[in-house]
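To start, the structure itself, in C-alpha cells.
Atoms considered below: every heavy atom in the structure, side chains included; atoms not considered: hydrogens, waters and symmetry mates. Atoms within a ligand are numbered from 1 in the order they appear, just like the ligands themselves.
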Amino acid sequence: MVHVLFVCLGNICRSPMAEAVFRHLLAEEGLSERIAVDSAGIGGWHAGEPPHAGTRKVLSEREIAHDTIRARQITPEDFDRYDYIICMDEENLAALQRMAPKGKQVYRLLDFAAHLPERNVEDPYYTGRFNYVYELVEAGCRGLLEHIAREKG
Ligand code: 4NP
C-alpha cells in the first residue's frame, strides 16, 4: 500500500479538496486498494471540522465525495507513515521542512503539474477563488498519480 498525505495550513480548504479529488481519481482508475490518502493541516485550529463551504461546493458540483473528511493537525508520526507528503505552497513547504526528519522529501502539489505556470496553490480561505483552486488541485492530482504509477509501477 502506498500512503499519500496532502497538507495545507488549516486543512479545511485546499488539502481536503486534494484528498477528495485524489481519492476520486483512484476509484476511477481502480487503484483504491493500492493507494491510501488522507490530509492534515500545519495548524490545528479547525480540527474536527468538515471542509470549508467553498470546498464542499466545488466538490459537490462535480459529484466528488467528501462527507467523511474532517480536519486534523499533522503529527510527527505522519512523516514515517506517509510515502508522499504533498503540500500546497512555499509557506507550507518551509513549515514541513522544519518538522521533517532528515532526508524526508516533501513536495508541493504543483511540482506534478509542470505545464502550469503556478507553483503554489493559492489559499482560497483568503482569495475566495475556489473554482480556480479546484483546477490547480485537479491538475496536480492527475500529475501526482502519474508520478506514483511511474515510481511504484
Ligand atoms: P487552507 O486554508 O490552508 O487551504 O485550509 C485556510 C483555512 C483556515 C485558515 C487559514 C487557511 N485559518 O487561519 O483559520
Where A100 and V106 come nearest, the two heavy atoms and their spacing: CB-CG2, 4.4 Å
Does this structure show an ion pair linking E122 with R129, if we count only N-O contacts that are shorter than 4.0 Å? yes
May I have all residue pairs that pass salt bridge (charged side-chain N to carboxylate O under 4.0 Å, His left out) and include part of residues 8-18, sequence neighbours excluded? R14-D89, R14-D123
K57 atom NZ: more than 12 heavy-atom contacts under 6.0 Å: no
Note down each nitrogen or oxygen pair, ligand 1 side and protein side, whose separation is under 3.5 Å; give only atom names and the distance to 0.1 Å.
| unit_1 | atom_1 | unit_2 | atom_2 | d |
| --- | --- | --- | --- | --- |
| ligand 1 | 2 (O) | D123 | OD1 | 2.9 |
| ligand 1 | 2 (O) | D123 | OD2 | 3.3 |
| ligand 1 | 3 (O) | L9 | N | 2.9 |
| ligand 1 | 3 (O) | G10 | N | 2.8 |
| ligand 1 | 3 (O) | R14 | NH2 | 3.0 |
| ligand 1 | 4 (O) | R14 | N | 3.0 |
| ligand 1 | 4 (O) | R14 | NE | 2.8 |
| ligand 1 | 4 (O) | D123 | OD1 | 3.4 |
| ligand 1 | 5 (O) | N11 | N | 3.2 |
| ligand 1 | 5 (O) | I12 | N | 3.0 |
| ligand 1 | 5 (O) | C13 | N | 2.9 |
| ligand 1 | 13 (O) | Y126 | OH | 3.4 |
| ligand 1 | 14 (O) | H46 | NE2 | 2.7 |

Carboxylate-amine/guanidinium contact D80 K104, below 4.0 Å: no
Nearest-0.5 Å distance that lies between atom NE2 in H147 and atom CZ in F112: 4.5 Å
